[in-house]
K.L.:
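Okay, handing you the structure first.
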There are 2 protein chains.
Amino acid sequence: MDTKWWRAHLAPSVPSSMPNHPSKTSGSRSESVYSGLRRAIIEQALMPGDKLTEDVIGERFGVSRTIVRAALAKLNAEGLVDLQPNKGATIAQPSLSEAHDVFEARMCLERQVLARLAERITDRDLAMLEQHVALEAKAGAHDGPAAIRLAGEFHILLAELSGNGVLARYVDEVVSRCSLILALYSRPHSSDCSINEHQQIVDALRARDADRATKAMDHHLQAVTERALLSSNSDKHRDIRSILDRYAG
Amino acid sequence: MDTKWWRAHLAPSVPSSMPNHPSKTSGSRSESVYSGLRRAIIEQALMPGDKLTEDVIGERFGVSRTIVRAALAKLNAEGLVDLQPNKGATIAQPSLSEAHDVFEARMCLERQVLARLAERITDRDLAMLEQHVALEAKAGAHDGPAAIRLAGEFHILLAELSGNGVLARYVDEVVSRCSLILALYSRPHSSDCSINEHQQIVDALRARDADRATKAMDHHLQAVTERALLSSNSDKHRDIRSILDRYAG
DNA sequence: GCATCCATCATTGTATACAATAGGCTCGAT
DNA sequence: ATCGAGCCTATTGTATACAATGATGGATGC
């Protein structure tokens, strides 16, 4: 709890590589905290229910609470973080009902994405998708947290290639929230099956077969949804610090 | 430019009536600024391109820049406000391409809403819708800025009645952004036609006719979309202060 | 032993100070 | 008059101080 910690941490400049979304809260600092936390959540390093104390996060990322606060607000807007007045932030714990809503919205959005893609997809796009699936396969082998993230990013990539930025943003959001839902309700699944299903979607798109692609997607999401089971972690006081260090880069 | 203005303004407590979304940035203060600005934007009192200076807003709402900043960040996340680093916030000016994306997403989402509603709508829900349409008709008569807002709120109400919170949030967002788009690209339309079309949608829902409802909605949105024309307001330096006062309550 | 109350502490909410940046403006030179 | 260099001011970015709120734990009474 020593004060004046940052002076030491502050690198002279942090030129964050690539602003993921067009929307930015402000400078690159809160963005960096935001994306760090986001990644930690999506890779399930931070688990639903974990307390996100502003001071702790600020300490680990080398910024003041002001910045952390902005990042948390953004994560809250996305539904990844619960923010209770005067009690602070925790990783969101979607109820089963919310989970259902998210999946339904996701289905609806991704159908539209595929409909667009089946019409306008280019060979270059297909190449990118193939490459991504390959990446998934490789990461999936040694089942790192990266595999979880990559599985989601496949869908985000699809949405981005659709060319509709609004759709892309929403898909990004629902996919992220699905990570949370799986963390809460699913057994530690091997995502091998996912990869296979992703490949099928790409194949259908290559054939410009909107119908088959949609079917494949429906089946895929159905499979993911049905992994919703029991489970509930409740370590009252997990120490986040060491985890945050891994994501503060 | 006198400092220490707020002491005078600060009411002892501001028990904001109803938190629109479950997501809250923090306390009720930023919420109040947020919703005030939002309403001003949606009612087209604030126009695309208008500069939103933190100090000015803070002064009018009787809060510090900290609070204003949180509100602006949230509006930015919703796509209603552009936030450029070191240059501040302006009301968003969606490009035609963005406008198209928004409308496409909106169509997709609202179809899903209608599909759900056609199955599960109750008589009580229908009554609420009827009541709302009546309200629209009344407000539309003397064409206040409220009419614009109410037209949008019809769609938001539909989404909320659908029972899917995620869907509702997204519909809320795209509908709001449509206000901006209309402000930019449409002639000052009388929304009488809208009301009529809204009534048709309600009628279709009463008959539990998903198909007819969807058709009506498609037609309705089509009509709205096609009002996209020319126009561009560019008062370089509009004075926002008097407008803000009307929304600071 | 168990519940209750109060003191203490940890944490959040908010205003504000200070630094950095951007844009405008004056002034002089061409 | 037009252009550019350099100050000047308005505004944003960020850390921090202080207040308020909620949790925690220990002493007290039953």
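A, B, ... follow the sequence lines: proteins, then strands. Residue 1 opens every chain.
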K.L.:
Return the nearest nucleotide to the side chain of B:Thr53; candidates are C:dA15, D:dA17, D:dT12.
P.N.:
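Shortest atom-to-atom distance from the side chain points to D:dT12.
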
K.L.:
Any side-chain N or O of B:Lys87 under 4.0 Å from OP1/OP2 of C:dG23?
P.N.:
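It does, given that an N or O in the side chain of B:Lys87 lies less than 4.0 Å from OP1 or OP2 of C:dG23.
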
K.L.:
In this structure, how many angstroms lie between the C1' atom of D:dT14 and the CZ atom of A:Phe61, rounded?
P.N.:
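Computing the A:Phe61:CZ to D:dT14:C1' distance gives 17 Å.
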
K.L.:
Can you tell me which nucleotide in C:dT14, C:dT12, D:dG13 comes closest to the side chain of B:Ile67?
P.N.:
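Closest nucleotide among those given: C:dT14.
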
K.L.:
Can you check whether A:Lys51 has a side-chain N or O nearer than 4.0 Å to OP1 or OP2 of C:dT12?
P.N.:
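The answer is yes; a side-chain N or O of A:Lys51 sits under 4.0 Å from OP1 or OP2.
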
K.L.:
Within the 3.5 Å criterion, strictly below it, is a donor on B:Glu153 or B:His132 matched to an acceptor on the partner's side chain?
P.N.:
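The criterion, which ignores hydrogens and geometry beyond distance, is not satisfied for B:His132 and B:Glu153.
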
K.L.:
Check every strand shown and say whether A:Thr66 touches a base, only sugar-phosphate, or nothing at a heavy-atom separation below 4.0 Å.
P.N.:
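Base contact.
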
K.L.:
Rounded to whole angstroms, how far apart are CD1 on A:Ile57 and P on C:dT12?
P.N.:
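Atom-to-atom, A:Ile57 to C:dT12, this comes out as 8 Å.
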
K.L.:
In whole Å, I'd like the distance from the CG atom of A:Asn86 to the P atom of C:dT12.
P.N.:
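Atom CG in A:Asn86 sits about 10 Å away from atom P in C:dT12.
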
K.L.:
How long is the line joining CD1 of B:Ile240 and C1' of D:dT11, in whole Å?
P.N.:
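After rounding, the reported distance stands at 14 Å.
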
K.L.:
Is the shortest side-chain N/O distance from A:Arg29 to OP1 or OP2 of D:dT14 below 4.0 Å?
P.N.:
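So the side chain of A:Arg29 is within the cut-off, an N or O lying under 4.0 Å from OP1 or OP2 of D:dT14.
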
K.L.:
Nearest to the side chain of A:Asp55, heavy atoms from C-beta on, is which of D:dT12, D:dT14, C:dT12?
P.N.:
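Of D:dT12, D:dT14, C:dT12, C:dT12 is nearest to the side chain of A:Asp55.
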
K.L.:
NA contact type, B:Leu52, heavy-atom cut-off 4.0 Å: base, sugar-phosphate, or nothing?
P.N.:
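Sugar-phosphate: the residue B:Leu52, judged by heavy atoms under 4.0 Å, touches backbone atoms but no base.
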
K.L.:
Taking CD from B:Glu54 and C1' from D:dG13, how many angstroms apart are they, rounded to a whole number?
P.N.:
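Spelled out: CD on B:Glu54 to C1' on D:dG13 is 9 Å.
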
K.L.:
Of the nucleotides D:dT14, C:dT21, C:dT14, which one has an atom closest to the side chain of B:Ser64?
P.N.:
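Looking only at heavy atoms from C-beta outward on B:Ser64, the closest nucleotide is C:dT14.
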
K.L.:
Do the side chains of A:Lys74 and A:Glu78 get close enough for a salt bridge, i.e. N-O under 4.0 angstrom?
P.N.:
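Judged by the 4.0 Å cut-off on N to carboxylate O distance, A:Lys74 and A:Glu78 do not form a salt bridge.
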
K.L.:
Is there a side-chain contact between A:Asn164 and B:His100 in this structure, where contact means two heavy atoms from C-beta onward sitting under 4.5 Å apart?
P.N.:
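They are not in contact (no side-chain heavy atoms under 4.5 Å apart), so the answer is no.
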
K.L.:
Let me know the distance between CG of A:Leu72 and C1' of C:dG13, rounded to the nearest Å.
P.N.:
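Rounded to whole Å, this separation is 14 Å.
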
K.L.:
I want to verify a distance call: between D:dT14, C:dG13, C:dA15, whose nearest atom is closest to the A:Arg69 side chain?
P.N.:
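Looking only at heavy atoms from C-beta outward on A:Arg69, the closest nucleotide is C:dG13.
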
K.L.:
Find the distance A:Leu83:CG to C:dG13:C1' and express it as a whole number of Å.
P.N.:
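Rounded to whole Å, this separation is 12 Å.
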
K.L.:
Is it the case that the side chain of B:Tyr185 and the backbone of B:Pro94 share a donor-acceptor pair, with hydrogens and angles ignored and the cut-off at 3.5 Å?
P.N.:
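Side chain of B:Tyr185 to backbone of B:Pro94, a donor-acceptor pair under 3.5 Å: yes, one is there.
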
K.L.:
In this structure, how many angstroms lie between the P atom of C:dA10 and the CD atom of A:Gln84, rounded?
P.N.:
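The distance from CD of A:Gln84 to P of C:dA10 comes to 22 Å, rounded to the nearest Å.
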
K.L.:
Do the charged groups of B:Asp172 and B:Arg38 touch, with an N to O distance under 4.0 Å?
P.N.:
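Yes.
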
